[in-house]
Undergrad: 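Here it is: the structure, laid out below.
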Amino acid sequence: MRILQITAFSGWGCTGRIAVGIHDVLVRQNHESVIAWGRINTAPPSVPTIRIGNRLDQQLHGLYTRITDQCGFGSFRVTRQFLKKLDRIQPDLVQLHIMHGYYIHLELLFQYLKEKRIPVVWTFHDCWAFTGHCPYFDLAGCDRWKTGCHHCPQKFHHPKSWLLDRSQQNWIRKKKLFSGADNLTIVTPSAWMAGLVRQSFLKDCPVEVIRNGINLEQFRPTYGNLTAQLGLTDKKIILGVSSTWADSKGLWDFIRLAPLLPQDFRIVLVGLNRQQVNRMPERIIGLERTDSLRKLAELYTAAAVFVNPTYEDNFPTTNLEALACGTPVVTYQTGGSVEAAGNRFGKIIPCGDVAALGDYLKSDDWKQFSSEECAAYAAGFDEQQKFLQYVRLYGTILGSNRHE
């Protein structure tokens, strides 16, 4: 097989690591693999990559989106250049990841894929593909995506538009473009997301659930002196981790939670920016994002409980990372977040109920979940097995196509 992946991030972040992980499994099985990327590339030099466009084009596409609300429909020139490279590569199958990163013109891309009859697997890391604007709609309580977006309540959220609201036109344009792709297979990391797809204009597309996985060699019970350095050896640590902290990730819920907890509790938040760190109240220790997975594993291991008060999420790997390090997970009843642990190894709290969250933490009921049980459950989410599921899916699709 010759597989081409298209992604905003190659090697960087959760989706970027998935792309490189799939590549590695393909190569080990003697298949050909290339990753085309648009925003950030931190893949090892051994990974063949193609850059789509450049920083200037991304900035212009971003500005175009701010003015016209047409994310994914800029980058006309660089997309045509990229498609010429596809002519040379001639992939058997194209795997798509994040496509709303201001780097590609989706209409040109999908027209090309349809004309060449190239099978496509598209992993929905969020909901953007079947909405007129937003990656998630839970926080806004909006369900217009089911019948036709209009008057978007999240116009000023990513991908932000300063002026126009073209959510209705975008929804119609996407419906025509994506639902008309005969060879499109959708992958979702959660059953929750699969359920949304089946309510959208893509309901007739085949949908496969492949969970996100984690690196079990990196995320396992890990001990060190990091808690001593933070002055937390005699405290019960309530840990929160996110790549970015915004209202949708529950930052203000942690701030509201802090005064509800006894003095022997401390909240530690990882992934804050410098301004957020400086604004944290006394009983919250804020840390900037760390590239050291060992330090992160130490914090997961030292924590009494991992708390994920997210309002919008697909299938967060932070829940799995905490469990793999032996720590129970408490999360809001949100999206696919509950599928990673649920009440089996932690607690599901009604979304936004900070008082109930505080009551549960103070009850010490989380002590019933042993470190060994949590880690054993997380072992079922070995990322290598998840990458292998993708490769098997490609083989099934291409095998069936050859027999048509």
Side-chain angles (χ1 to χ4, degrees), residues 214 216 218-242 245 249-272 280-287 290 292-310 316-334 337-338 340-350 353-379 381:
I214 57 172
L216 294 174
Q218 295 173 330
F219 292 104
R220 54 190 174 82
T222 305
Y223 303 93
N225 61 356
L226 187 56
T227 53
Q229 293 174 14
L230 295 172
L232 297 172
T233 52
D234 60 341
K235 303 296 182 183
K236 296 176 184 176
I237 298 174
I238 306 301
L239 180 65
V241 176
S242 181
W245 283 99
K249 293 299 182 182
L251 177 60
W252 286 105
D253 291 42
F254 273 116
I255 293 173
R256 291 163 56 203
L257 174 66
L260 303 180
L261 299 177
Q263 287 294 326
D264 59 339
F265 282 77
R266 282 293 181 275
I267 295 173
V268 176
L269 300 183
V270 180
L272 298 171
M280 285 301 101
E282 181 180 353
R283 295 180 61 190
I284 297 180
I285 296 177
L287 303 175
T290 176
S292 171
L293 295 182
R294 177 178 173 81
K295 287 183 178 179
L296 193 54
E298 275 190 49
L299 284 170
Y300 279 130
T301 305
V305 183
F306 177 75
V307 174
N308 189 356
T310 178
T317 53
T318 51
N319 293 7
L320 302 177
E321 292 166 359
L323 288 167
C325 294
T327 300
V329 174
V330 179
T331 185
Y332 281 164
Q333 180 77 48
T334 305
S337 186
V338 300
N343 285 322
R344 294 179 61 188
F345 300 98
K347 183 70 173 178
I348 298 172
I349 301 292
D353 195 339
V354 177
L357 176 59
D359 289 342
Y360 177 76
L361 295 173
K362 288 184 288 186
S363 72
D364 285 354
D365 283 354
W366 43 268
K367 289 184 177 179
Q368 66 183 291
F369 306 108
S370 73
S371 174
E372 293 76 17
E373 289 174 327
C374 292
Y377 174 75
F381 295 93

Undergrad: Taking all non-hydrogen atoms of both residues into account, name the closest pair between Ile284 and Ala258 and its distance.
TA: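 What the structure gives for the nearest pair is CG1-CB, 3.9 Å.
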Undergrad: Could you measure the distance from the CG atom of Leu272 to the CG atom of Leu287? Nearest 0.5 Å is fine.
TA: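 Nearest 0.5 Å value for the CG-CG distance: 7.5 Å.
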Undergrad: With Met280, which of Ile285, Ile267, Leu251 fulfils side chain to side chain contact (heavy atoms under 4.5 Å, CB included)?
TA: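 The passing option is Leu251.
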Undergrad: Within this structure, what is the CG-OG1 distance for the pair Leu323 and Thr317, rounded to the nearest 0.5 Å?
TA: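 These two atoms lie 11.5 Å from each other.
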Undergrad: If you round to the nearest 0.5 Å, how far is OG1 of Thr334 from CD1 of Ile348?
TA: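 Rounded to the nearest 0.5 Å, the CD1-OG1 separation comes to 9.5 Å.
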Undergrad: What residues form a side chain to side chain contact (heavy atoms under 4.5 Å, CB included) with Ala324, not counting sequence neighbours?
TA: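 Ile214, Leu216, Phe219, Ala378.
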Undergrad: Indicate every side-chain donor-acceptor pair of residues 293-308 with a distance under 3.5 Å to a residue at least two apart or in another chain.
TA:
| unit_1 | atom_1 | unit_2 | atom_2 | d |
| --- | --- | --- | --- | --- |
| Arg294 | NH2 | Tyr223 | O | 3.0 |
| Glu298 | OE1 | Leu226 | N | 3.3 |
| Tyr300 | OH | Glu321 | OE1 | 2.7 |
| Thr301 | OG1 | Thr222 | N | 2.9 |
| Thr301 | OG1 | Thr222 | O | 3.3 |
| Thr301 | OG1 | Ala297 | O | 2.7 |
| Asn308 | ND2 | Asn319 | OD1 | 2.9 |

Undergrad: Where do Lys236 and Asp364 land on the side-chain contact (heavy atoms from CB on, under 4.5 Å) test, with the steps shown first?
TA: CA-CA 11 Å; Lys236 296 176 184 176; Asp364 285 354; 3.6 Å; yes
Undergrad: Is there a donor-acceptor contact under 3.5 Å from the side chain of Trp245 to the main chain of Val270?
TA: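 Between the backbone of Val270 and the side chain of Trp245 there is a qualifying donor-acceptor contact (under 3.5 Å).
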Undergrad: List the atom of Ala355, the atom of Leu260, and the distance in Å for their closest heavy-atom pair.
TA: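 Smallest heavy-atom distance, with atoms named: CA-CD1, 4.3 Å.
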Undergrad: ring-ring contact (aromatic ring centres under 6.0 Å, His included) with Tyr377: which residues, sequence neighbours excluded?
TA: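 Only Phe345, Phe381 meet the ring-ring contact (aromatic ring centres under 6.0 Å, His included) criterion with Tyr377.
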Undergrad: Could you go through Thr310 and Ser337, starting from their C-alpha distance and side-chain angles, then the distance that decides it, and tell me whether this counts as side chain to side chain donor-acceptor pair (under 3.5 Å)?
TA: CA-CA 8 Å; Thr310 178; Ser337 186; over 6 Å; no
Undergrad: Give, for atom CD1 of Ile238 and atom CG of Leu261, the distance between the pair rounded to the nearest 0.5 Å.
TA: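 These two atoms lie 6.5 Å from each other.
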Undergrad: How many angstroms lie between CD in Gln218 and SG in Cys325, if you round to the nearest 0.5 Å?
TA: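 Output value for this atom pair is 10.5 Å.
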Undergrad: Per the side chain to side chain donor-acceptor pair (under 3.5 Å) rule, what does the pair list look like for residues 253-266, sequence neighbours excluded?
TA: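 Every side chain to side chain donor-acceptor pair (under 3.5 Å) pair that includes a residue of residues 253-266, provided the two are not neighbours, is Asp253-Tyr311, Asp253-Tyr332.
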Undergrad: Asp365: which residues meet the side chain to side chain contact (heavy atoms under 4.5 Å, CB included) condition with it, sequence neighbours left out?
TA: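 Per chain and number, Asp365 pairs via side chain to side chain contact (heavy atoms under 4.5 Å, CB included) with Tyr360, Ser363, Gln368.
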Undergrad: Quick one: list whatever passes salt bridge (Lys or Arg N to Asp or Glu O under 4.0 Å) with Asp353, sequence neighbours left out.
TA: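 Salt bridge (Lys or Arg N to Asp or Glu O under 4.0 Å) check on Asp353 returns nothing, list empty.
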